[in-house]
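Worksheet for the structure shown next.
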2 protein chains.
Amino acid sequence: MSDCSSCTVRGRAICASLDSAELAELGHMGRRQRVKAGHTLLWEGDDAPLIANVLRGVLKLVVAATDGREQIVGIVFASDFIGRPFGKESPYRVTAMTDSELCIYNRSSFDAFAEAHPHLQHKLLRRTLDELDRARYWMMLLGRKSATEKVASFLLQMAERLPVEAGEPARSRTAFELPFGRQQIADILGLTIETTSRQLTRMRANGLLDLPSRREVVIRDRRAMAILAG
Amino acid sequence: MSDCSSCTVRGRAICASLDSAELAELGHMGRRQRVKAGHTLLWEGDDAPLIANVLRGVLKLVVAATDGREQIVGIVFASDFIGRPFGKESPYRVTAMTDSELCIYNRSSFDAFAEAHPHLQHKLLRRTLDELDRARYWMMLLGRKSATEKVASFLLQMAERLPVEAGEPARSRTAFELPFGRQQIADILGLTIETTSRQLTRMRANGLLDLPSRREVVIRDRRAMAILAG
DNA sequence: CGTATCGTTGACATTCCTCAAGGGATGTGG
DNA sequence: CCACATCCCTTGAGGAATGTCAACGATACG
């Protein structure tokens with residue numbers, strides 16, 4: 001992998017902190033890999049031997065209870081990174097939700113490289129802080145919001161966070177295609193698939209939404225949706 | 001504040017990464033401050049003008065919904081740090097739960113110092129990664145566990161994380177005093193105070209617990225508790 | 001066209017929350 | 001030292017929200 005300079009996420013990923021010499025060095029250590037939707041990269045309790053940048057696709061981070069109940073604890077988009085730098089085992093499973101393309105590094109090499117490149121660590125730190133804020137907001141949603149509020153919050157957040165395809169305005173977007181099905185929405189919100197489905201059906205009945213196909217969503221009344229989100 | 005070398009959390013806080021010259025420089029920037037239980041240091045939406053190390057005491061990070069429902073999204077113990085380095089507003093309220101002692105820095109000075117001291121950023125990064133893992137585990141608890149499982153998990157985690165007083169073995173501890181009341185336990189677990197109380201009462205009735213006083217807990221059957229925790 | 005997967009809907013069960021009352025500890029003033 | 005107030009916790013009864021189980025419908029795919 002030598003063409004980091006033409007990378008699709010160059011400028012957005014943590015590598016943006018590197019100059020071209022450093023980039024060449026890092027590029028030498030990494031390899032590009034495609035993974036199919038459904039493929040699991042890292043298992044819960046694994047020694048987490050890899051760090052990766054996401055070039056394309058959407059992945060989920062999953063924590064499972066002993067009896068199989070699952071909670072999605074993070075969603076990873078293009079330009080985000082995956083893995084647990086500095087030697088701890090992965091506390092969650094990482095699974096691709098769509099066909100994805102990654103830029104993978106051996107963890108120990110990556111760690112060593114990071115130690116030697118403070119700018120990279122700085123980027124990592126900022127990203128991790130942002131991710132922590134997001135996780136904490138989500139804790140409030142999981143602990144304190146009703147099913148309706150959860151679904152409304154989820155849709156609004158997806159409208160903002162979902163990667164924009166070719167030349168749409170990012171903020172005002174109101175129609176989008178979710179990269180996941182009902183069960184996965186339920187696993188994100190800490191609900192059952194049935195409750196999730198009923199909430200969506202009701203929102204459609206109330207004219208807040210259109211659901212043109214299984215995974216497409218059109219928010220018709222953003223204002224009302226924001227009120228529902230609590 | 002000049003006696004960082006004799007600091008109670010020297011060696012455990014992020015400052016452990018600094019040599020004595022650097023420590024002196026940082027010590028120059030900071031000031032010690034005591035805060036009373038109940039005092040709020042940082043408000044949700046604040047510009048988060050400070051970074052602090054906790055020398056003593058326990059603080060909570062709280063996210064509130066628009067209507068006042070509260071979720072505790074983090075608990076901060078001695079040697080942990082508070083605040084949002086690198087310029088974002090605080091997404092949560094920070095309130096002392098016990099009388100506490102802090103070592104406070106102006107954020108912009110701290111940021112500048114951190115930029116110049118990669119070791120410090122490295123420590124910050126490691127801590128933030130650990131905290132993120134903890135937050136994500138808690139997301140699973142909030143989204144997928146029952147009231148009983150939540151309370152049991154909470155007690156076990158407190159037995160491990162609560163600071164140890166004078167010369168007790170850290171791991172095997174089974175009796176401890178919680179630094180918070182029932183309402184705050186409820187706010188940590190995403191439950192109501194009544195449900196929390198009922199769970200504790202039931203565990204006591206089943207011989208899993210003793211509750212010698214309002215805030216004291218003695219785990220009598222750790223094994224059974226671990227099973228209840230799911 | 002048939003089959004598998006996913007989503008929706010309904011009936012019912014359960015958990016947890018809400019509202020209300022009472023109990024126990026702690027602190028204060030008399 | 002006692003009476004009283006306050007705060008926090010516990011307990012109970014009833015209800016609402018969500019989960020469970022089951023059947024059916026729709027969509028995608030071979």
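All chains are named by letter (A, B, ...) in the order of the sequence lines, taking the proteins before the strands, and each is independently numbered beginning at 1.
As rounded to whole Å, 14 Å separates atom P of D:dT10 from atom CZ of B:R202. The distance between atom CD of B:E216 and atom C1' of C:dA25, rounded to the nearest whole Å, is 14 Å. Whole-Å rounding puts the B:R144 CZ to D:dG19 C1' distance at 11 Å. What separates NZ of B:K145 from P of C:dT15 is a distance of 17 Å, to the nearest Å. In this structure, the CZ atom of B:R69 is 13 Å from the P atom of D:dA17, given to the nearest Å. The interatomic distance linking A:E177 (CD) with D:dA28 (P) rounds to 11 Å, in whole Å. The distance between atom CG of B:L209 and atom P of D:dT10, rounded to the nearest whole Å, is 11 Å. Nucleotide D:dG19 holds its P atom 14 Å from the CD atom of B:E149, rounded to whole Å.
Nearest approach of A:V35 to A:A96, heavy atoms of both residues: CG2-CB, 3.9 Å.
In this structure, of C:dC17, D:dT18, D:dT20, it is C:dC17 that holds the atom nearest to the side chain of B:L191.
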What protein N or O atoms touch nucleotides 4-11 of chain C N or O atoms at under 3.5 angstrom, if any, and at what distances?
| residue | atom | partner | partner atom | Å |
| --- | --- | --- | --- | --- |
| C:dC6 | O4' | A:R214 | NH1 | 3.4 |
| C:dC6 | O2 | A:R214 | NH2 | 3.2 |
| C:dG7 | OP1 | A:R182 | N | 3.1 |
| C:dG7 | OP2 | A:R182 | N | 3.3 |
| C:dT8 | OP1 | A:R182 | NH2 | 3.3 |
| C:dT8 | OP2 | A:R182 | NE | 2.8 |
| C:dT8 | OP2 | A:S197 | OG | 2.7 |
| C:dT8 | O5' | A:S197 | OG | 3.1 |
| C:dT9 | OP2 | A:T201 | OG1 | 2.9 |
| C:dG10 | N7 | A:R198 | NH1 | 2.9 |
| C:dG10 | O6 | A:R198 | NH2 | 3.4 |

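Within a 6.0 Å radius of CZ in A:R69, more than 12 heavy atoms belonging to other residues, nucleotides or ligands are found. Counting non-hydrogen atoms of other residues, nucleotides and ligands closer than 6.0 Å to CZ of B:R202 gives a total of 12 or fewer. Within a 6.0 Å sphere centred on CZ of A:R56, heavy atoms belonging to other residues, nucleotides or ligands number more than 12.
Among the atoms of the strands shown, only primed sugar atoms or phosphate atoms (P, OP1, OP2) are found under 4.0 Å from some heavy atom of B:S146.
Between the B:R161 side chain and the B:F77 main chain, no donor and acceptor come within less than 3.5 Å of each other. When atom types are taken as modelled, the side chain of A:Q71 and the backbone of A:I188 share a donor-acceptor pair closer than 3.5 angstrom.
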